[in-house]
Amino acid sequence: MQVIVAKRAGFCFGVKRAVDIAFRESKKRRKVCTLGPIIHNPQVVQALREAGVEPVEDPVGYEAVLIRTHGVPRDRMAVLQSSGVEIIDATCPFVKKAQRYAKLLFEEGYQVLILGDPEHPEVKGILSYAGSDVVVVTNIEELPPLKERVGIVVQTTQPVTSLKQLVQKVIERTKELKVFNTICNSTALRLKETEEIAREADLMIVVGGKNSANTKQLASLCSSMGKRVYHIEEVSELKREYFNGVKKVGVTAGASTPGWIIQEVVEWLQAVG
Ligand code: SF4
């Protein structure tokens, strides 16, 4: 059985950076926590816990708190700063950039329009920099009334096609439009590569947290192509009978899946093959 592994499987730049910072900080002799689970991967969260870094909702009693890649809203940051806890800011630089652009647009007098999921922590963070007129749009077909000067920023994981459609709609309803394309291409490239592999493979293994949105996106892409897909968190979930008659198996993984878990899966598949 041939095993095709996506080159882009696993940690993206921002997640790798945050996880590296967390493990580095765990070695310093003080009580460190992360504000919520660092990523949607229970194995990594557990490994950090074992290294002494707890995920918490409130860092009371800790000496240092790590902000995860999604960032935090402005007022939450202000509360943390005034509490005296040391802040280790592992917000992804691409997310920071979206926050900065939202602030800039607001300061320049634009009504800020964010393309993204209003419930996502990254969007909540960006929104907090965008002033009181800010609007978050998920469904492009349902645009609210807009002001004359509109500025767009985008949740980093949105598809570029959605941004293009939004720009086309907004331009018809406003006098001045400024757009910051804050999409991170890591997600798009991972999806593209997964699609290419799925086209060739008889069966796809998608590795990553069951709660990870981008991992679920990879799994649904593969099933939308009519492929048999197993979305697993760990190698122990694989069964030999899945691979009866399979000649080519593809392996991909979400941005929050650590390399060692992918490696275990690949070795298991090679042994079966
Ligand atoms: S997907 Fe992109 S924006 Fe999000 S954490 Fe990774 S590198 Fe940063």
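Start at 1 and go down the list; that is how both ligands and their atoms are numbered. If you're wondering where the values come from, they're calculated on a predicted model, not measured in any experiment. Side chains included, hydrogens not; waters and symmetry mates left out as well; all remaining heavy atoms used.
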Q. Are the side chain of Glu142 and the backbone N or O of Asn139 linked by a donor-acceptor pair below 3.5 Å?
A. no
Q: Kindly give the heavy-atom pair with the smallest separation between Met77 and Ile87, and that separation in Å.
A: SD-CD1, 4.0 Å
Q) Are Tyr62 and Val53 in one and the same hydrophobic cluster, where Ile, Leu, Val, Met, Phe, Trp and Tyr link if side-chain heavy atoms are under 4.5 Å apart? A) no
Q.
Which label fits His70 and His120: parallel for a plane angle under 30°, tilted from 30 to 60°, or perpendicular past 60°?
A. perpendicular
Q: Run through Leu163, Val160, Leu113, Val123 and flag the one making a side chain to side chain contact (heavy atoms under 4.5 Å, CB included) with Val154.
A: Leu163
Q: Starting from atom 7 (S) of ligand 1, locate the nearest protein heavy atom and write down its residue, its atom name and how far away it is, to 0.1 Å.
A: Gly14 N, 3.4 Å
Q. Is there an N/O/S atom in Cys184 at a distance below 2.8 Å from atom 2 (Fe) of ligand 1?
A. yes
Q) What protein heavy atom sits nearest atom 4 (Fe) of ligand 1, and how far off is it? A) Thr156 OG1, 4.0 Å
Q | atom 6 (Fe) of ligand 1: nearest protein contact (heavy atom, Å) | A | Cys12 SG, 2.3 Å
Q. Would one find an N, O or S atom of Cys92, in either backbone or side chain, under 2.8 Å from atom 6 (Fe) of ligand 1?
A. no
